[in-house]
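Lettering follows sequence order; numbering is per chain, from 1. Being a predicted model, the structure only gives us computed values, none of them experimental.
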Amino acid sequence: MKLVIVESPSKTKTIKQYLGSDYEVLASKGHIRDIQNTGKDNLGLDFNNNLKPIYTILPGQYQTIKTLKNASEEAEDIYLATDPDREGEAISWHLKEVLGLNGKNVHRIEFNEITKPAILAAISSPRDIDMPLVSSQETRKIIDRIIGFKLSTLLKRSIASESAGRVQSVALKIITDKEEEINAFVAKKYCEIEAETEDFIAKLKEPEKNKIYSIEDRSEAEKIFKELKDTLTLSSLNENTRSDKPQPPFTTSTLIQAASNRFSLSSAKTMSIAQGLYEGTEIASKHIALITYMRTDSTRISDVFKSQLSSFIVSKYGKEYLGYTHMQKASDNVQDAHEAIRPVSLEITPDYVKEYLTKDQYNLYNLIYSRTVSSMMRDAKILTLTALFDNNSHTFQASFEKVLFEGYQKAQIKSMDAKPKFYLDAPVGTIFKIKKLSILDKETQGPERYSEATLIKKMEDSGIGRPSTYASTISTLKNRKYISVQKKKLIPTDQGKITSDFLHDYFDMIINVEYTARMEKTLDEIASGEKEEDKVVNQFYNAFDKILSEKKKDIKPMETGELCPKCGSKMIYKINKYGRFEACSNYPSCKYIKKTVTEEEKIPYIECPLCHEGHLVLRTSSKGRKAGKKFYGCSSYPKCTFTISSLSEIKKM
DNA sequence: CAGTGAGCGAGCTTCCGCTTGACTT
């Protein structure tokens with residue numbers, strides 16, 4: 001018997017089919033070990049041995065390892081077929097260590113598509129585990145651990161924040177920077193003049209310039225307005241064609257963006273629906289997987305699928321609709337371990353599976369299906385027309401568009417409200433009657449806040465985070481109460497702003513967009529053998545530790561930006577065992593404290609069952625044996641003295 | 001039993017990436 005170990009359980013069945021009964025195929029279900037939370041600063045690093053990490057089995061993985069160990073003991077050959085990227089290489093090495101495979105016939109193989117030829121080719125060209133690549137993963141892990149644990153501890157003590165990290169703190173900074181831009185933005189008022197005819201709307205053009213006139217001075221607009229007559233005379237026509245390219249197949253990031261735009265789905269929801277489609281569902285009493293792997297950074301599709309797709313396009317739409325594969329230029333941080341997100345089979349059309357899927361599943365599948373098909377179709381050809389009109393020596397402008405060749409748009413999901421657009425077809429000199437002439441009062445628009453989807457795009461563009469962590473990073477920011485979501489937009493909370501300011505003031509050299517890029521470069525150098533893990537790790541630790549102890553001395557109380565209403569001194573943030581509060585910096589001369597409600601105190605509104613006047617609030621006892629104990633009491637204390645130890649007891653009453 | 005400023009510092013948590021689970025009262 002031969003054993004093949006992959007990462008994802010949903011791959012095992014298919015691979016076993018291709019390899020036959022000689023092979024057993026099992027899954028590691030991702031990583032199996034993590035660095036321990038023990039020792040100095042809980043870092044789990046051996047300070048007597050070059051900061052080597054001390055590993056521990058992940059709590060949920062004992063059963064997996066037992067199964068793998070049993071199978072590996074009976075196998076004469078073991079193929080480690082984890083994903084072909086840095087993390088996958090590390091998983092292979094951990095498997096080898098944990099399963100005790102030294103001395104056995106261990107082969108590392110890789111494939112980036114689940115097809116029979118690809119799997120057979122992989123089996124016939126095995127290699128050893130790439131130890132420099134494993135080292136580079138371990139370095140990444142250690143650096144993230146040091147930054148994360150050290151900064152989190154400091155933040156907790158300094159400003160009562162819960163966490164910081166190379167990725168989450170940069171994501172937070174992106175959000176708080178945007179908020180500052182918005183606060184700094186001053187809207188300017190301006191006017192436009194608009195003429196509406198039976199079929200179209202034209203706007204006043206700026207003299208000598210090729211654009212709509214933004215008139216800053218309203219009296220100027222009113223002066224022009226008085227000079228205008230009630231007709232437009234067509235004075236010139238300028239026709240052009242442009243092509244409209246289809247977009248490449250989905251990656252995790254682009255799928256989340258499209259699902260957000262089209263169906264208003266959150267990133268976590270999109271990922272969970274996609275997971276369901278990937279694992280498959282019962283269709284006509286058969287279990288069928290609908291899409292390829294959903295955590296990917298690649299727009300690549302397999303050669304086999306490409307040829308299926310081109311014949312599909314030719315037979316369904318005709319050969320004039322067949323284009324070429326639109327692939328994105330692979331940027332540095334694309335690891336390309338998986339294909340793009342695409343349907344497993346073109347024969348399983350959205351219409352066919354509709355009755356077996358939930359509404360969300362259908363919507364997402366339909367989106368993926370049409371995006372994949374259109375990605376290999378011809379560009380659409382669009383005819384554009386810019387028309388100028390004269391009105392008492394003032395010029396108006398209107399633009400029109402007409403589709404000459406539908407191209408890829410034929411495979412796109414049509415919006416329901418798409419009305420055919422008006423296209424001007426009239427000779428120069430034609431006179432149009434103006435139905436309505438108006439001055440539009442407008443304001444310049446400030447920058448927009450990020451949504452989950454646009455933040456993920458920004459993260460991907462900056463190389464921050466990975467497809468498997470985009471959604472969970474946003475969840476972390478929410479859980480830490482650094483951000484809130486209102487109308488799909490991400491808004492930093494006070495705590496989020498304080499945290500980001502703190503990190504910016506003292507750790508700007510680590511918490512910035514470029515840091516990850518520099519780290520990746522070093523990791524690549526470790527992977528190629530140019531640099532050594534131990535040296536990099538020790539250098540980093542020493543440098544970071546030095547910065548940390550220097551900055552610790554510099555840390556001044558954070559100012560809230562407000563002044564004390566009693567003495568006029570600056571107000572600052574302080575923390576005690578209950579959390580963060582705002583106090584006068586002039587303590588102890590001035591003892592003013594601004595009452596702040598901590599997040600924990602924001603409990604659901606429950607009316608006091610005793611007096612029915614107040615509501616329950618969270619309190620802390622300060623005297624006696626129970627000092628420090630939390631309990632719930634009536635807000636109208638001391639008038640009402642109702643108390644209860646937990647909210648669950650109130651439900652029983 | 002009740003509206004948070006001593007100072008020290010125990011003992012808790014915290015990072016980023018891979019992947020699928022699903023305690024019972």
Side-chain angles (χ1 to χ4, degrees), chain A residues 6-11 27-35 37 41-44 58-61 63-64 82-83 85-92 94 137 140-157 161-169 272 275 278-279 293 295 335 337 464-470 472-473 476 479-480 516 519 557 572 574-585 587-588 590-598 601 617-635 637-638 641-645 648:
Chain A
V6 294
E7 286 183 42
S8 167
S10 47
K11 288 179 187 170
S28 78
K29 302 180 187 172
H31 275 292
I32 55 168
R33 293 203 293 186
D34 192 7
I35 301 178
N37 291 0
D41 296 333
N42 287 344
L43 289 172
L58 279 165
Q61 290 284 53
Q63 188 54 50
T64 312
T82 50
D83 292 348
D85 57 17
R86 189 164 68 208
E87 297 294 325
E89 202 68 20
I91 294 174
S92 275
H94 282 290
Q137 190 274 348
R140 197 247 345 124
K141 188 92 192 62
I142 297 169
I143 290 178
D144 280 338
R145 170 61 68 94
I146 295 168
I147 295 175
F149 279 23
K150 291 237 179 197
L151 286 188
S152 294
T153 309
L154 181 65
L155 274 185
K156 194 162 196 175
R157 283 214 257 269
S161 276
E162 288 187 52
S163 69
R166 175 178 57 85
V167 171
Q168 59 165 282
S169 298
S272 124
Q275 175 98 29
Y278 166 69
E279 283 168 9
Y293 198 58
R295 291 188 275 269
Q335 305 207 359
I464 309 289
R466 301 281 314 136
S468 66
T469 59
Y470 292 139
S472 64
T473 300
T476 302
N479 290 339
R480 300 281 174 262
T516 293
M519 184 189 78
I572 55 173
K574 288 197 164 189
I575 68 168
N576 61 10
K577 62 184 171 181
Y578 304 107
R580 179 172 57 82
F581 63 98
E582 297 168 38
C584 178
S585 58
Y587 181 82
C590 171
K591 293 186 176 167
Y592 177 75
I593 289 175
K594 184 177 168 189
K595 168 76 177 146
T596 54
V597 181
T598 62
E601 284 175 305
V617 293
L618 186 70
R619 298 190 184 282
T620 314
S621 49
S622 64
K623 287 183 198 154
R625 276 177 302 144
K626 289 187 178 173
K629 284 267 160 63
K630 304 252 179 186
F631 66 96
Y632 296 90
C634 179
S635 59
Y637 179 86
T641 55
F642 177 81
T643 64
I644 195 162
S645 62
S648 52

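Rounded to whole Å, atom P of B/dT14 lies 16 Å from atom CD1 of A/I35. Straight-line distance from the CG atom of A/D144 to the P atom of B/dG17: 6 Å, rounded to whole Å. Atom CZ of A/R140 and atom C1' of B/dG17 are 5 Å apart (whole Å). Regarding A/Q137, its CD atom lies at a distance of 15 Å from the P atom of B/dC16, rounded to whole Å. In this entry the distance linking CG of A/N42 with C1' of B/dG9 reads 14 Å, nearest Å. The distance from atom CD of A/Q168 to atom C1' of B/dC16 is 9 Å, rounded to the nearest whole Å. Atom pair A/I464:CD1 and B/dC15:C1' shows a separation of 14 Å (rounding to whole Å applied). At whole-Å resolution of the value, CD1 in A/I142 and P in B/dG17 are 15 Å apart.
Of the possible donor and acceptor atoms, one in the side chain of A/Q61 sits under 3.5 Å from a partner among the backbone N and O of A/K29. Using modelled atom types, one side-chain atom of A/E7 and one backbone atom of A/D83 make a donor-acceptor pair closer than 3.5 Å. When atom types are taken as modelled, the side chain of A/S161 and the backbone of A/S163 share no donor-acceptor pair closer than 3.5 angstrom. A/S152 contributes a side-chain N or O that, together with a main-chain N or O of A/A164, makes up a donor-acceptor pair within less than 3.5 Å.
For the pair A/T153 and B/dT14, the criterion of a side-chain N or O lying under 4.0 Å from OP1 or OP2 is not met. Distances shown here put every side-chain N or O of A/R86 at or beyond 4.0 Å from the OP1 or OP2 atom of B/dC16.
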Exercise for the section: Evaluate the side-chain contact (heavy atoms from CB on, under 4.5 Å) criterion for residues A/R145 and A/N37: first the C-alpha distance (whole Å), next the side-chain angles of each, then the deciding distance (0.1 Å), finally the verdict. Expected result: CA-CA 10 Å; A/R145 170 61 68 94; A/N37 291 0; 3.2 Å; yes
Handout entry: side-chain contact (heavy atoms from CB on, under 4.5 Å) between A/Q335 and A/E87, worked out
Key = CA-CA 10 Å; A/Q335 305 207 359; A/E87 297 294 325; 5.8 Å; no
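For the pairing with A/T82, the side chain to side chain donor-acceptor pair (under 3.5 Å) check across A/S8, A/S92, A/S28 returns one residue only, A/S92.
Using a 4.0 Å heavy-atom criterion, one finds that A/G88 contacts no nucleic acid atom at all. The residue A/A27 sits apart from the nucleic acid: no heavy atom pair falls under 4.0 Å. Counting non-hydrogen atoms under 4.0 angstrom, A/K141 reaches a base of the nucleic acid. Note on A/R480: only backbone sugar-phosphate atoms sit closer than 4.0 angstrom, heavy atoms only; bases stay farther off. Note on A/S272: nothing from the nucleic acid sits closer than 4.0 angstrom, heavy atoms only.
Looking at A/R145, its side chain has no donor and acceptor atom pair within 3.5 Å of the base of B/dC16. No donor-acceptor contact under 3.5 Å links the side chain of A/N37 to the base of B/dT14.
Here the straight-line distance linking atom CG of A/L43 with atom CZ of A/F149 works out to 7.0 Å at 0.5 Å rounding.
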Fill in the blank from the handout: Readout for nucleotides 18-24 of chain B: B = base within 4.0 Å of protein heavy atom, S = sugar-phosphate only, - = neither; 5' to 3' it is BBS----
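Distance from the side chain of A/K574 is smallest for B/dG5 among the nucleotides B/dC15, B/dC12, B/dG5.
Look at the C1' atom in both B/dT13 and B/dG9: the space between them is 16 Å, to the nearest Å.
In B/dG21 the O4'-C1'-N dihedral to the base is within 90° of 0, which defines a syn nucleotide.
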